[in-house]
Amino acid sequence: MLSYDLRNLESHAARVDGTLAADDPVWIEGDVHPVGDIHVTGRLSSAGSDRFYFSGHLAGVARDTCRRCLIDVESPVTEDVHLLFAESGGEDEDDPDVYPIDAREYELDLRPAIREQWLLAVPSLVVCREDCKGLCPKCGADLNAGACSCAAVRDPRWDALRSLDESAR
């Protein structure tokens with residue numbers, strides 16, 4: 001459960017220990033979805049008049065594609081999270097780091113903010129391993145499995161430097 005009654009938060013802090021499911025409707029097309037649930041822990045408390053502060057941690061596993069060879073890669077994602085929620089229309093309305101709360105709401109739903117923090121924490125470019133050789137640019141063969149039968153492709157943009165190297169010998 002990642003929704004909390006704002007009226008209770010005014011008097012005492014809430015301990016957060018919940019999950020954001022991979023199939024939750026908060027996810028949209030194009031998001032890097034977690035492999036399983038994202039575990040969220042922390043503390044949600046009042047931070048003044050109509051303001052609330054969450055300090056915690058999220059952990060999960062992301063699945064993405066290796067940028068070199070295009071195989072699926074799972075990466076652990078852990079992030080410390082600090083969020084500020086404030087009533088809409090207040091002094092923080094234009095601050096992009098403050099999540100707005102509708103003044104008519106009695107519940108604070110952490111899921112959209114956790115989704116955003118997850119997307120910021122997920123590595124943008126993953127590789128299956130550091131020495132990944134990728135795919136042949138000509139035939140598309142996986143070079144990690146061995147050399148392909150294509151002739152070595154020389155990039156003509158480097159010819160001027162190659163000629164300098166050859167003349168130095």
Side-chain angles (χ1 to χ4, degrees), residues 1-135 137 140 142-144:
M1 176 180 96
L2 293 174
S3 291
Y4 296 88
D5 189 329
L6 293 173
R7 296 167 295 191
N8 291 340
L9 290 174
E10 292 288 344
S11 60
H12 64 279
R15 184 175 167 267
V16 176
D17 190 359
T19 58
L20 178 57
D23 61 352
D24 192 283
V26 76
W27 300 105
I28 60 174
E29 188 176 337
D31 285 352
V32 178
H33 290 253
V35 173
D37 295 344
I38 297 173
H39 188 219
V40 181
T41 58
R43 183 174 188 264
L44 181 62
S45 60
S46 176
S49 178
D50 300 320
R51 296 165 59 99
F52 301 92
Y53 178 69
F54 172 74
S55 177
H57 187 79
L58 63 84
V61 176
R63 180 178 293 132
D64 209 351
T65 305
C66 175
R67 66 183 280 197
R68 296 179 188 161
C69 68
L70 305 179
I71 66 168
D72 283 341
V73 178
E74 291 185 0
S75 308
V77 176
T78 59
E79 187 75 13
D80 289 330
V81 179
H82 304 280
L83 307 170
L84 184 61
F85 299 87
E87 192 172 293
S88 300
E91 62 188 47
D92 299 316
E93 186 169 33
D94 294 330
D95 189 341
D97 294 327
V98 176
Y99 295 90
I101 305 169
D102 189 339
R104 298 169 294 195
E105 291 291 324
Y106 291 108
E107 256 188 21
L108 175 58
D109 186 4
L110 294 176
R111 295 174 313 134
I114 295 299
R115 173 194 161 265
E116 184 176 309
Q117 294 301 310
W118 167 263
L119 294 174
L120 292 170
V122 169
S124 58
L125 301 170
V126 296
V127 291
C128 59
R129 61 182 200 245
E130 286 302 316
D131 64 341
C132 178
K133 295 177 183 174
L135 303 176
D142 185 356
L143 299 176
N144 294 314

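Quick note: residue numbers are just sequence positions, from 1. In this text, all values refer to a predicted model and were calculated from it rather than measured experimentally.
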**Request:** For residues Val73 and Thr65, determine if any side-chain heavy atom of one lies less than 4.5 Å from a side-chain heavy atom of the other.
**Result:** no
**Request:** Determine yes or no for a side-chain-to-main-chain donor-acceptor pair under 3.5 angstrom, with Arg68 supplying the side chain and Cys128 the backbone.
**Result:** no
**Fill in**
When every non-hydrogen atom of Val77 is compared with those of Ala62, the smallest separation belongs to CG2-CB, 3.9 Å
**Heavy-atom pair of closest approach, residues Gly36 and Pro34** = O-CB, 3.2 Å
**Request:** Can you measure from CZ (Arg111) to CD (Glu116) and round to the nearest 0.5 angstrom?
**Result:** 14.5 Å
**Asked** In a check of side-chain contact (heavy atoms from CB on, under 4.5 Å) between Phe85 and each of Leu6, Leu110, Leu9, which one passes?
**Response** Leu110
**Prompt:** To the nearest 0.5 Å, how far apart are CD1 in Ile71 and CG in Leu135?
**Reply:** 10.0 Å
**Gap between atom NE2 of His33 and atom CD1 of Ile28 - 0.5 Å precision** = 8.5 Å
**Message:** Using side-chain heavy atoms (C-beta onward) and a distance below 4.5 Å, is Tyr53 in contact with His82?
**Reply:** yes
**Heavy atoms of other groups near Arg129 CZ, more than 12 under 6.0 Å** = yes
**Prompt:** Do Trp27 side-chain atoms and Arg115 backbone N/O form a donor-acceptor pair below 3.5 Å?
**Reply:** no
**Message:** Using a 3.5 Å distance criterion without hydrogens, assess whether the side chain of Asp109 forms a donor-acceptor pair with backbone atoms of Ser3.
**Reply:** no
**Asked** Quick one: CD on Gln117 to CG on Leu83, what's the gap to the nearest 0.5 Å?
**Response** 5.0 Å
**Asked** Under 4.5 Å between any side-chain heavy atoms of Ser75 and Val122, yes or no?
**Response** no
**Close side-chain approach of Val40 and Val16, heavy atoms under 4.5 Å** = yes
**Min side-chain heavy-atom separation Lys133-Asp142 under 4.5 Å** = no
**Item:** His39 side, atom NE2; Thr78 side, atom OG1 - distance, nearest 0.5 Å
**Value:** 13.5 Å
**Request:** Identify the two heavy atoms, one from Phe54 and one from Gly42, that lie closest to each other, and give their separation to 0.1 Å.
**Result:** CE1-CA, 3.9 Å
**Request:** Enter the distance from Arg15:CZ to Leu44:CG here, rounded to the nearest 0.5 Å.
**Result:** 13.0 Å
**Prompt:** Does Val32 offer a backbone N or O that forms a donor-acceptor pair with the side chain of Trp118 under 3.5 Å?
**Reply:** yes
